[in-house]
Amino acid sequence: MTDIAARLNQVKQRIQDAEQAAGRQAGSVQLLAVSKTQPVEVIRASINIGQLCFGESYAQEAVAKIQQLANVPGIEWHFIGPIQSNKTASLAEHFDWIHSVDRLKIAQRLNDQRPADKAPLNICIQVNTSGEISKSGISPDQLAELAQQIRQLPRLRLRGLMTIPAREDDTEQQRLPFRQLRELFETLNAQGLQLDTLSMGMTDDMEAAIQEGATIVRIGTALFGPRRK
Ligand SMILES: *Cc1c(COP(=O)(O)O)cnc(C)c1O
């Protein structure tokens, strides 16, 4: 078995074990393979063993890969990095999902720039669950207003919330920001928002995120090893 197949199996096993430990249905957590900095050959090798959802953080690098893999049926691209205004057109054109929307101006640009022949762009709002430590993500007290505004944009489909918490080694500590995100998600749904996605959990904290209800985990290092220069 190739290295990458072995790693993919290990990660899938971790997800399955965590689903079971949390009393959740098998298959309720989707694996997003974070391929940023990895060459297109690594993505091809993953596709050959059945992985079709990929996460990228840098627009220019991502678009080059997306174009090289344009003929792969069923491939799905998720943008998870910080968004600059001058990159929104390219993101709106090439991606299926954007996980890192944290302000209205960016959402409006993505809405205006989403090509008419494509399905509405799937959106997660990135929430800052770490207070002062983090600069990205909207603060929890401004979330409901942004969600209502994004909901009005016809070329976007608001799917859920995403967070990147500050690093913690202890699992119980790791769970706190994920729990906060889930509670915000439940509050929005109680207000009628019909969200179905909690994008949370990376290589070092996916078990904690799955305990707290993650529906997508974003995994790079455990699949592909250290990031390349
Ligand atoms: C790089 C990155 C990941 C993957 O992190 P690993 O710890 O390598 O699994 C997940 N989410 C975001 C937003 C990232 O930028």
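Just so you know, ligand 1 is whichever comes first in the structure, and atom 1 is the first atom listed for that ligand. Every heavy atom of this structure was used, including side-chain atoms; hydrogens, water molecules and symmetry mates were not.
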[Y] and [X], any side-chain heavy atoms less than 4.5 Å apart:
X	Y	value
Arg175	Asp205	no
Phe54	Ile66	no
Leu153	Ile123	no

More than 12 foreign heavy atoms under 6.0 Å from CD of Gln152: is that the case here?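 Counting other residues, nucleotides and ligands, CD of Gln152 exceeds 12 neighbours.
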
Taking 4.0 angstrom as the limit and counting only heavy atoms of Thr221, give me the atoms of ligand 1 inside it, by number and element.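 The atoms of ligand 1 under 4.0 Å from a heavy atom of Thr221 are 6 (P), 7 (O), 8 (O), 9 (O).
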
In terms of atom number and element, which parts of ligand 1 are under 4.0 angstrom from non-hydrogen atoms of Ile219?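 Those qualifying, in numeric order: 9 (O).
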
State, to 0.1 Å, how close Ala209 and Met200 come at their nearest heavy-atom pair, and which atoms those are.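 Distance-wise, the nearest heavy atoms are CB-O, 3.3 Å.
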
Shortest non-hydrogen contact from Ile83 toward Arg103: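 Looking at all heavy atoms of both residues, the shortest contact is O-NH2, 3.6 Å.
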
Going by heavy atoms, is Ser57 under 4.0 Å from ligand 1?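 So Ser57 counts as touching ligand 1.
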
Could you tell me whether ligand 1 has any atom less than 4.0 Å away from a heavy atom of Ile164?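 Contact check Ile164 vs ligand 1: positive.
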
Could you tell me whether some N/O pair between Gly220 and ligand 1 is separated by less than 3.5 angstrom?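 Checking ligand 1 against Gly220, an N or O pair does fall under 3.5 Å apart.
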
Heavy atoms only: which of Met202, Gln126, Arg227 lies closest to atom 3 (C) of ligand 1?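 Result: the heavy atom closest to atom 3 (C) of ligand 1 is in Met202.
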
Can you check which of His99, Arg167, Lys36, Arg218 brings a heavy atom nearest to atom 14 (C) of ligand 1?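 Considering heavy atoms of His99, Arg167, Lys36, Arg218, the nearest to atom 14 (C) of ligand 1 sits in Lys36.
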
Considering only non-hydrogen protein atoms, determine which one is nearest to atom 6 (P) of ligand 1 and report residue, atom name and distance to 0.1 Å.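 It is Thr203 OG1, 3.5 Å.
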
Which residue holds the protein heavy atom closest to atom 12 (C) of ligand 1, what is that atom called, and what is the gap in Å?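 Checking every protein heavy atom, the shortest distance to atom 12 (C) of ligand 1 gives Ile80 CD1, 3.5 Å.
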
Donor-acceptor pair, side chain of Gln174 and main chain of Glu168, under 3.5 angstrom: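 Flag set: sc Gln174 to bb Glu168 pair under 3.5 Å.
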
